[in-house]
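Heads up, the thing below is written out as structure tokens.
Keep in mind that the numbers below use all heavy atoms, side chains included, and drop hydrogens, waters and symmetry copies. Numbers restart at 1 for each chain; the letters A, B, ... are given by sequence-line order, proteins then strands.
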2 protein chains.
Amino acid sequence: MDTTSPESPIAMLQRLSLPGLVTAELERMILDGSLLPGDKLNEMALAERLGVSRGPLREAFRALEEAGLLRQEKNRGVFVREIGAEEAAEIFDVRASLEALAARQLAATRPPAAIAHLQQLLGELADAHAQADGDRYHALNLKFHDTLVAAAGNRTLSALYRRLVKQIGLFRRLNHRDPAVLGTSLDEHGRILALIIAGDSAAAAVAIERHALDSKARMLARAHASHPA
Amino acid sequence: MDTTSPESPIAMLQRLSLPGLVTAELERMILDGSLLPGDKLNEMALAERLGVSRGPLREAFRALEEAGLLRQEKNRGVFVREIGAEEAAEIFDVRASLEALAARQLAATRPPAAIAHLQQLLGELADAHAQADGDRYHALNLKFHDTLVAAAGNRTLSALYRRLVKQIGLFRRLNHRDPAVLGTSLDEHGRILALIIAGDSAAAAVAIERHALDSKARMLARAHASHPA
DNA sequence: TGATTGTTGATTGTCAACAATATGCAATAA
DNA sequence: TTATTGCATATTGTTGACAATCAACAATCA
């Protein structure tokens, strides 16, 4: 019995199911842009492409539908869900509230390992900013926030937060490369982390919520500029 | 073409699917206590009982699993999820945060119809309290909070809130009939609504969050008294 | 007697087939 | 020419069958 690896092939086989794997694969395709909002998912083609029968695929559809990433129309098929400006605004508001809770809780506990990790991410954010590497900055930005929320130690909170982050990905894609976005955002991360380290729960919550709502305003302004209607 | 009723039989048939109906039925069974935390769901028996084949039932399982109400063990079956005190505490914290956001937004908008509805519910709560009718009080309590959150007008917020309310139902059942619980809770509802009507967003948010966290403390204290573990 | 092996039956996981529905295109009528 | 009807095809919804896995029990061994 091989127990030297993190997870043995046997244990992995006992844990993984086709619906689970298909769910993960579809989610990946949605998040990385292979599947776009509004795209229709053809069961037969997709089942053939993934090398499974339609049953597990349909199970995966139901999971992703409940996760808010797909929508089903009976007898007409399943589509990647589209999110408009109004719903995006709702998501941002809720997300800001969840982040504020996380910052408040994190400022109260301040686990050294998490703080160190966040500080490292801040450094990497500064690097990406110095190199005007928008893609890298964006990815690190997400990582910073996710790490912060996870470090609060409330798994229900983390799960909901991630759920919303995935959903907001369905909002029309925006250009992360605009240099004007980068500077403001970097300063804010530093300030939020400093407040957390200082143990100022209330100020940290306010700062991160303000930061999130600023992001919302910027994103919605951009979306409005691209499509005035 | 019959369009006089809210939804014609044809439209209903076009909308409703077996997986959707089964999902709703299982959820009802979980929420009304027909299915208890830890119960194992036997596919064959349940499919026969509901008069469907196992395919739609499995689809329903995936949806409810994603909703946090069921958990699957591959090759061993599906179980109603159990929630312990730690997770319950997490859920309460997040719920309180969401309710605070709702109260803040509601105090800013104060839609007359929603306010009237909440005031009516408050009256009904007082009736139930006067009659020491714990079950009715509990149901109205849930209704009051749900109405308040929904009235904030953020559908993402409402959906997440409802998701958490359903999940908290998996926590061990407690006696709602204890008279000591009733008085405090009624006063708080009145105070929260008054602050909302007064348009004091910040105070309303603080009051409702305090209320929610008080509920958390009471529920956890009771759970601890029942099972010191 | 306790541990191990073998067998059986129940259940879960997946697939393929059939029924039902929607869509698109061609033929027909006005 | 436009609108309507009919037909064929593709796709979705559901079912039943088969394979794989697990748990329980009986038989055997040390």
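- A donor-acceptor pair is defined here as one N or O able to donate and one able to accept, closer than 3.5 Å; no such pair exists between the side chain of A:Asp93 and the backbone of A:Glu90.
- Base pairing analysis places D:dT15 opposite C:dA16; the two distances defining the Watson-Crick or G-U wobble pair are each below 3.5 Å.
- For the side-chain contact (heavy atoms from CB on, under 4.5 Å) with A:Leu140, the lone residue among A:Leu122, A:Thr147, A:Leu125, A:Asp133 that qualifies is A:Leu125.
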B/S/- along nucleotides 11-18 of chain D (protein heavy atoms under 4.0 Å) is SBBBB-B-
Give every donor-acceptor pair under 3.5 Å between a side-chain atom in residues 60-69 of chain A and any protein atom, sequence neighbours left out.
unit_1, atom_1, unit_2, atom_2, d
A:Arg62, NE, A:Glu65, OE1, 3.0
A:Arg62, NH1, B:Glu59, OE1, 2.6

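- Nearest heavy atom pair, residue A:Leu148 against residue A:Ile192, reads CD1-CG2, 4.2 Å.
- Between the CD atom of B:Glu48 and the P atom of C:dT11 there is a distance of 11 Å, rounded to whole Å.
- Between A:His211 and A:His145, the two ring planes are parallel [angle under 30°; tilted spans 30° to 60°].
- Put simply, CG on A:Leu13 is 12 Å from P on C:dG13, counting in whole angstrom units.
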